[in-house]
Amino acid sequence: MIRRPMIAGNWKLNGTVTESLALVRELRNRLDKVRDCDIVIAPPYTALHPVAARLEGSNIALAAQDIYWEGSGAYTGAVSGSLLKEVGCAYVLVGHSERRQLFGETLESSSRRMKAALASGLVPILCVGETLAERQAGRTDEVVAAQLDAGLMDLSHAQLAKVVVAYEPVWAIGTGQVATPAQAQQVHDMIRERVRARDVDIAKTMRILYGGSVKPENAAELLSQPDIDGALVGGASLKVESFAGIVEARPR
Ligand code: 13P
């Protein structure tokens, strides 16, 4: 397999420190033998530091759910890449649809976040995806391509090679209405083609995750698609059984 699978859990606004540490203990116990897959969890900001300490020496990496592009200064409420690195993050989500829809994130701001993440030594997981109205209007490729182009804009070859992309159709997030494997594969293929136009080799190695109502029951079929290299999991990442079930559904 050219691309190592990645299963990432986006905990969103869920998890006190106590709850997060309890879940981490269960995940470590359950997943400590997994060697052929990158496992990533993204707890809320407040749990990052204590969770990082509990992940030491494990095969589970830490992600933040967002990043601000300035390094320091008068930016109330913002968290920079260097602060995320300091507490032990290796990854950061960028441009999640909830950030775009609820917090006013734009194509331009996602581009700044991507550059800030890479400049801080974090691996960005760039989230892209269309709404139901955009899909019904036949605009899926156009919308996803615009988000992808903005996120990858002006990155160097070395930076582009580090990026992970997550295709998350907005209509499939938290709805239980998962994209069919064929629907997801079609968009993943389009994304890889677009990266290929920039760099043939990076297109071969770039991981493209699917997100949106991934569960243990639908994971194996999604993950067996040729251009689906992993999953970005919301609701099902909050329980050890369902998250581990998705990790165990990876193709081997
Ligand atoms: P669900 O798995 O709850 O649909 O959430 C997907 C998601 O938004 C992950 O980032």
Side-chain angles (χ1 to χ4, degrees), residues 5-15 19-20 23 27 37-45 47-48 51 60-67 84 89-103 105 110 113-114 117 122-132 134-135 140 143-144 147-148 151 163-181 183-184 187-188 191 207-223 225 228-250:
M6 174 181 288
I7 307 293
N10 175 10
W11 294 6
K12 307 191 181 185
L13 207 178
N14 296 290
E19 289 163 349
S20 299
L23 181 50
L27 289 171
C37 174
D38 287 334
I39 305 170
V40 179
I41 55 172
Y45 279 139
L48 289 174
V51 163
I60 303 175
L62 193 61
Q65 297 175 17
D66 188 27
I67 177 175
L84 298 175
C89 290
Y91 297 87
V92 61
L93 305 184
V94 173
H96 191 280
S97 62
E98 286 148 20
R99 300 298 315 167
R100 295 184 197 262
Q101 295 202 314
L102 305 173
F103 299 96
E105 197 160 317
S110 67
R113 287 178 159 88
M114 289 293 289
L122 294 161
V123 172
I125 301 177
L126 173 66
C127 306
V128 298
E130 81 289 359
T131 63
L132 184 59
E134 288 162 346
R135 173 162 283 264
T140 298
V143 168
V144 170
Q147 292 169 344
L148 185 75
V163 171
V164 176
V165 173
Y167 169 57
E168 299 203 303
V170 177
W171 48 270
I173 294 178
T175 58
Q177 193 193 339
V178 63
T180 65
Q183 279 174 324
V187 179
H188 282 231
I191 292 170
R207 283 169 308 173
I208 308 175
L209 317 181
Y210 168 79
S213 297
V214 178
K215 308 268 179 292
E217 303 77 55
N218 56 32
E221 205 185 347
L222 286 162
L223 296 172
Q225 300 299 307
I228 301 185
D229 309 310
L232 181 54
V233 186
S237 71
L238 297 171
K239 294 251 172 351
V240 68
E241 272 312 311
S242 44
F243 190 63
I246 293 166
V247 173
E248 283 153 12
R250 71 197 183 279

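For ligands, and for the atoms within them, numbers begin at 1 and follow the listed sequence.
For the pair Phe243 and Leu238, the minimum side-chain heavy-atom distance is 4.5 Å or more. Side-chain contact check for Ile7 versus Asp38: every heavy-atom pair is 4.5 Å or farther apart.
Side chain to side chain, Trp171 and Glu130 meet the donor-acceptor criterion of an N or O pair below 3.5 Å.
Between the CD atom of Glu221 and the CD1 atom of Ile228 there is a distance of 9.5 Å, given to the nearest 0.5 Å. A distance of 6.5 Å separates CD1 in Ile41 from CG in Leu23, rounded to the nearest 0.5 Å. To the nearest 0.5 Å, atoms CG (Leu93) and CZ (Arg113) are separated by 12.0 Å.
For atom 2 (O) of ligand 1, the closest heavy atom belonging to the protein is Gly234 N, 2.8 Å. Remark: minimum distance from atom 3 (O) of ligand 1 to any protein heavy atom is reached at Gly235 N, 2.8 Å.
For a threshold of 3.5 Å applied to N or O pairs, the pair formed by Gly174 and ligand 1 contains at least one separation below that value. Taking only nitrogen or oxygen atoms, main chain and side chain alike, Gly211 does not reach within less than 3.5 Å of ligand 1. Taking any N or O of Asn10, backbone or side chain, at least one lies under 3.5 Å from an N or O belonging to ligand 1. Among the atoms of His96, some N or O lies under 3.5 angstrom from an N or O of ligand 1. For a threshold of 3.5 Å applied to N or O pairs, the pair formed by Gly212 and ligand 1 contains no separation below that value.
Checked against ring-ring contact (aromatic ring centres under 6.0 Å, His included), Tyr167 has the following partners two or more places apart in sequence or in another chain: His188. Looking at residues two or more places apart in sequence or on another chain, you find a side-chain contact (heavy atoms from CB on, under 4.5 Å) between Ile173 and Lys12, His96, Ser97, Glu98, Glu168.
Close contacts of ligand 1 with Ala172, meaning ligand atoms under 4.0 Å from a residue heavy atom, involve 4 (O). For ligand 1, the atoms closer than 4.0 angstrom to any heavy atom of Lys12 are 5 (O), 6 (C), 7 (C), 8 (O). Atoms of ligand 1 lying under 4.0 Å from any heavy atom of Glu168, numbered from 1 in the order shown and given with element: 6 (C), 7 (C), 8 (O), 9 (C), 10 (O).
Heavy atoms from both the backbone and the side chain of Leu232 come within less than 4.0 Å of ligand 1. Neither the backbone nor the side chain of Ser97 comes within contact range of ligand 1; no heavy atom lies under 4.0 Å.
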